[in-house]
Amino acid sequence: MVSTHIGFPAETVTVFVVLALGAIFIDLFMHRHDKPISLKSAALWTVFWIVVAMAFAGFLYIHHGSEVASLFITGYALEKVLSVDNLFVMMAIFSWFAVPDNLRHRVLYWGVIGAIVFRGIFVAIGASLLTLGPWVEIVFAVVVLWTAVMMLKSGGDDDEIEDYSQHIAYRMVKRFFPIWPKLKGHAFLLSQKEVDAELAKPENKDIKVGRVGKAALYATPLMLCLAVVELSDVMFAFDSVPAVIAVSREPLIVYSAMMFAILGLRTMYFVLEALKQYLAHLEKAVIVLLFFIGVKLGLNATDHLWHHGYNISANASLFVVLGVLAVGIIVSVLFPGKSDAEEGKQG
C-alpha cells in the first residue's frame, strides 16, 4: 500500500468539483430529452468522460507528482472494469421491467446520483476502518476474494432470469406506495389526481392499484426499477470500495477515481449493451482483478503484521489492471459470445 499523503488541498478539491459538476451539467443538457441514445453518441460521450478523468489525472501529475497520478488512474481503471459486471446486472433489470430504451438513461442518471452519495459514505467508512489496524485489511481482502470465488462459481449461470418482484427493494417500495402498473412518461411517482385521470381512460378500466382508499403518491414501474438498481449498486459497492481502497488509503484519490469512473457509466451502459456479444470474456478479467486485489490487500496487511517486505507497487498495480483489462477485451473480440438472435434460435 502506497502511503502517499495529499490530504484535501483546497485547489485540488475545487478542480475536482468544478470538473465533475461542469461535465455533469453538459451531459444533462445534451440528454435532457427522452430519446434513445445511439451507439455512436454513447461511444463519443464515453470518450468525453475518459478525457475529463484524464484531465484531472494531468492536474494531479502536475501538482502532486507522478505517484499520485498513477494511483488515481489505477483506481479509475479498476472501478471502470469492476463496474462492467454491475452494468450487465442493470441490463437484466431493465429487461425484466421492460423499460423502453428512451427511458433507461433517466433511470441510470438517478442511479449514478445514488452511487455518488453511497460511494462517498462507504469510502469514508472504509478509510476510517483502515485506521484501526492491518486486521481490517485482512477482512477487506477476504471480502474481495470471496466475491471473486462466488463469481467464478456462478460461471455460466448468467442466462438465468431473476424474478425481481421478490427483490427487497421492490417489496420496500410496495410497502410505502401503492403501485400504478403502467409507465406514464418518465414519471417515477404519480399523484392521486394523475392516477384518477389514468383510471378514467377506457383502456385502464380493469386496472387495480392495490389500495382501496386514496393515496398521496403512487409508484410507477420506473420507480420500482430505480429502487432495484440503487440497491443492486449498493451491494456492488461492498466489493468495489475495498478493491479501490487497496490502491490507496487517500480518501480524495479513492473517491475522485471512483466518481469519474461512475460518472461515465451512464453512457458506457449503452456501449456495453450494443457490444455485449464482443465482451463475453470481460467478466473473467474482472475475476482475475478481484483475485489480484485480494492478494494485494493480504500482502500489505501481513507486511504490517510480520514485516516480510513483500508488496505490490503503484506502477505494478497500474500495469496489471490495464494489462488484464486489455487481455479481456482482446480475447472477447477474438472469441465473441453468441448474439441474442443466435441464442433465440437455439432456444
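Fair warning: this is a prediction, and the values are worked out from it, not measured in the lab. Reckoned from all heavy atoms, side chains included, excluding hydrogens, waters and symmetry mates.
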| Is it true that atom CD1 of Ile168 has more than 12 heavy atoms of other residues, nucleotides or ligands lying nearer than 6.0 Å? | no
| said: Would you call the rings of Phe238 and Phe122 parallel, tilted or perpendicular, taking 30° and 60° as the class edges? | reply: tilted
| field | Side-chain (Ser41) to main-chain (Ile37) donor-acceptor, under 3.5 angstrom | value | no
| field | Ile253 with Ile125, same ILVMFWY side-chain cluster at under 4.5 Å | value | yes
| Are Leu132 and Phe140 grouped together when hydrophobic residues (ILVMFWY) are joined by side-chain heavy atoms under 4.5 angstrom apart? | yes
| task | For the residue pair Trp306 and Trp135, categorise the inter-ring angle as parallel (less than 30°), tilted (30 to 60°) or perpendicular (more than 60°). | result | perpendicular
| query | Take atom OH in Tyr61; do more than 12 heavy atoms of anything else shown fall under 6.0 Å from it? | reply | no
| field | Residue pair Leu224 / Tyr164, side-chain heavy-atom distance below 4.5 Å | value | no
| message | Nearest 0.5 angstrom please: Ile312 CD1 to Leu299 CG, how far? | response | 5.5 Å
| task | Spell out, as yes or no, whether a donor-acceptor pair under 3.5 Å connects the side chain of Ser332 to the backbone of His281. | result | yes
| task | For the pair His186 (side chain) and Arg106 (backbone), establish whether a donor and an acceptor sit closer than 3.5 Å, ignoring hydrogens and angles. | result | no
| Whether Ser95 side chain and Met91 backbone form a donor-acceptor pair below 3.5 Å | no
| said: Could you check whether Phe72 and Phe16 have their ring centres less than 6.0 Å apart? | reply: no
| Atom CD1 of Ile6 and atom CG of Leu71: how far apart are they, to the nearest 0.5 Å? | 9.0 Å
| request: Heavy atoms only: give me the nearest Leu39-Val271 pair and the separation to one decimal. | output: CD1-CA, 3.9 Å
| task | Mind checking the CG-CZ spacing from Leu108 to Phe94? Nearest 0.5 Å is all I need. | result | 4.0 Å
| request: Decide yes or no on side chain to side chain contact (heavy atoms under 4.5 Å, CB included) for Ile179 and Lys174, but give the supporting numbers first. | output: CA-CA 7 Å; Ile179 306 301; Lys174 286 189 70 174; 3.8 Å; yes
| Do Val324 and Phe335 belong together in a cluster built from hydrophobic side chains that touch within less than 4.5 Å? | no
| said: Before you tell me yes or no, could you show the steps for Thr12 and His64 under side-chain hydrogen bond (donor to acceptor under 3.5 Å, both in side chains), namely the whole-Å CA-CA distance, both residues' side-chain angles and the distance that decides it to 0.1 Å? | reply: CA-CA 9 Å; Thr12 304; His64 300 286; 2.7 Å; yes
| Joint cluster assignment, Ile121 & Val244, ILVMFWY side-chain distance < 4.5 Å | yes
| message | Could you report the tightest heavy-atom contact between Arg119 and Ala237, atom names first, then the distance? | response | NH1-CB, 3.6 Å
| message | I want to check something: taking the side chain as every heavy atom from C-beta on, are Val89 and Met235 in contact at a cut-off of under 4.5 Å? | response | no
| field | Straight-line distance of Ile113 CD1 to Glu230 CD, nearest 0.5 Å | value | 9.5 Å
| query | Arg266 versus Trp49: any side-chain heavy-atom pair under 4.5 Å? | reply | no
| query | Is it true that Arg104 and Asp101 make a salt bridge, defined as a side-chain N closer than 4.0 Å to a carboxylate O? | reply | yes
| said: Do Tyr170 and Gln166 pair up side chain to side chain, a donor and an acceptor below 3.5 Å, judged on atom types alone? | reply: no
| NZ/Lys35: more than 12 non-hydrogen atoms of other groups inside 6.0 Å | no
| said: Could you measure the distance from the CD1 atom of Ile26 to the CZ atom of Phe48? Nearest 0.5 Å is fine. | reply: 4.5 Å
| query | side chain to side chain contact (heavy atoms under 4.5 Å, CB included) between Tyr76 and Ile50: does it pass, once the steps are laid out? | reply | CA-CA 10 Å; Tyr76 172 80; Ile50 293 173; 3.4 Å; yes
| request: Go through the steps to decide whether Leu145 and Phe291 satisfy the test side chain to side chain contact (heavy atoms under 4.5 Å, CB included), and finish with yes or no. | output: CA-CA 6 Å; Leu145 290 172; Phe291 277 117; 3.7 Å; yes
| said: Checking Tyr255 against Glu250: is there a side-chain donor and acceptor pair closer than 3.5 Å? | reply: no
| For Asp303 and Gly309, which heavy atoms make the closest approach, and how far apart are they? | OD1-N, 2.9 Å
| remark: Tightest non-hydrogen contact, residues Leu297 and Pro242, listed as CD1-O, 3.9 Å
| said: Can you give me the closest heavy-atom contact between Lys296 and Val247, atom names plus distance? | reply: CE-CA, 4.2 Å
| note | Rounding to 0.5 Å, atoms CG (Leu78) and CD1 (Ile245) come to a distance of 11.5 Å
| Contact check, side chains of Phe236 and Ser83, non-hydrogen atoms, under 4.5 Å | yes
| request: Side-chain contact test, heavy atoms from C-beta onward, threshold under 4.5 Å: evaluate it for Met259 versus Ile116 and give yes or no. | output: yes
| message | Tell me whether Ser191 contacts the main-chain N or O of Leu217 through its side chain, where contact means a donor paired with an acceptor under 3.5 Å. | response | no
| task | Check the pair Leu325, Leu282 against side chain to side chain contact (heavy atoms under 4.5 Å, CB included), reporting the backbone distance first and the verdict last. | result | CA-CA 8 Å; Leu325 175 59; Leu282 206 54; 4.1 Å; yes
| task | Taking Ser70 for its side chain and Ser66 for its backbone only, find out whether a donor-acceptor pair lies under 3.5 Å. | result | no
| query | Which heavy atom in Pro181 sits nearest to a heavy atom in Ile207, and how many Å separate them? | reply | CG-CG2, 3.6 Å
| task | Would you mind reporting whether Asn204 and Trp180 have side-chain heavy atoms less than 4.5 Å apart? | result | yes
| field | Cluster link Ile62 to Val17, ILVMFWY, side chain under 4.5 Å | value | no
| Non-hydrogen side-chain atoms of Met90 and Glu273 separated by less than 4.5 Å | no
| Side-chain heavy-atom pair Trp45, Phe270 within 4.5 angstrom cut-off | no
